[in-house]
Amino acid sequence: MAKLIGYKRADFTTKEGQTITGCNVYLSNEVDPRVGAGVSADRLYLSDAKMERENINLKNLVGKNVHAYFNRYGKLDSLVAAD
């Protein structure tokens with residue numbers, strides 16, 4: 001489980017000229033005390049299409065614990081509130 005600590009718009013254009021719209025999503029996790037201390041953070045990308053498909057409202061999830069689900073290519077596919 002991770003905590004959604006923030007998000008930021010990050011639209012881009014592919015090499016083929018297709019515009020992808022979405023957000024960088026920032027998740028924090030406690031560091032395993034066997035290997036370190038504190039909190040680590042990850043930046044992941046979530047497209048507007050995925051957010052619409054999964055009915056994800058990032059504004060409502062900020063500061064909450066979430067379960068992150070990934071597709072078979074290792075890319076973020078969905079976020080679900082854990083609280």
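When a residue number appears, it is its place in the shown sequence, counting from 1.
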| message | For the CG atom of Asn24 and the CG atom of Asp42, what is their distance to the nearest 0.5 Å? | response | 12.0 Å
| task | Could you walk me through whether Leu61 and Ile56 pass the side chain to side chain contact (heavy atoms under 4.5 Å, CB included) test, one step at a time? | result | CA-CA 8 Å; Leu61 292 175; Ile56 298 169; 4.0 Å; yes
Got a list of side-chain donor-acceptor pairs under 3.5 Å for residues 28-36, not counting sequence neighbours?
from: Asp32; atom 1: OD1; to: Arg34; atom 2: N; distance (Å): 2.9
from: Asp32; atom 1: OD1; to: Arg34; atom 2: NE; distance (Å): 3.1
from: Asp32; atom 1: OD2; to: Arg34; atom 2: NE; distance (Å): 3.1
from: Asp32; atom 1: OD2; to: Arg34; atom 2: NH2; distance (Å): 2.4

| Can you tell me how far the OH atom of Tyr7 sits from the OH atom of Tyr45, to the nearest 0.5 Å? | 14.0 Å
| request: First locate atom CG of Leu46, then atom CG of Leu58, and finally report the distance between them rounded to the nearest 0.5 Å. | output: 6.0 Å
| query | Can you get from Ile20 to Met51 by hopping between Ile, Leu, Val, Met, Phe, Trp and Tyr side chains that sit under 4.5 Å apart? | reply | no
| field | Side-chain (Thr14) to main-chain (Gln18) donor-acceptor, under 3.5 angstrom | value | yes
| task | Please collect all side chain to side chain donor-acceptor pair (under 3.5 Å) contacts where either partner lies in residues 55-75, sequence neighbours excluded, each pair once. | result | none
| said: Quick check on the hydrophobic clustering: are Tyr26 and Leu76 connected, directly or via other members, by side-chain heavy-atom contacts under 4.5 Å? | reply: no
| request: Answer yes or no: does atom NZ of Lys3 have more than 12 heavy-atom neighbours from other residues, nucleotides or ligands under 6.0 Å? | output: no
| remark: One should read off an interatomic distance between Leu44 CG and Leu79 CG, to the nearest 0.5 angstrom, of 8.0 Å
| query | How far apart are the C-alpha atoms of Ile5 and Val62, what are their side-chain angles, what is the distance that settles it, and do they pass the side chain to side chain contact (heavy atoms under 4.5 Å, CB included) test? | reply | CA-CA 6 Å; Ile5 56 174; Val62 171; over 6 Å; no
| task | Identify the two heavy atoms, one from Ser78 and one from Glu54, that lie closest to each other, and give their separation to 0.1 Å. | result | OG-OE1, 3.5 Å
| Is the shortest distance from a Lys or Arg side-chain nitrogen in Arg53 or Asp77 to a carboxylate oxygen in the other one below 4.0 Å? | yes
| note | Rounded to the nearest 0.5 Å, the CG atom of Asp11 sits from the SG atom of Cys23 at a distance of 7.5 Å
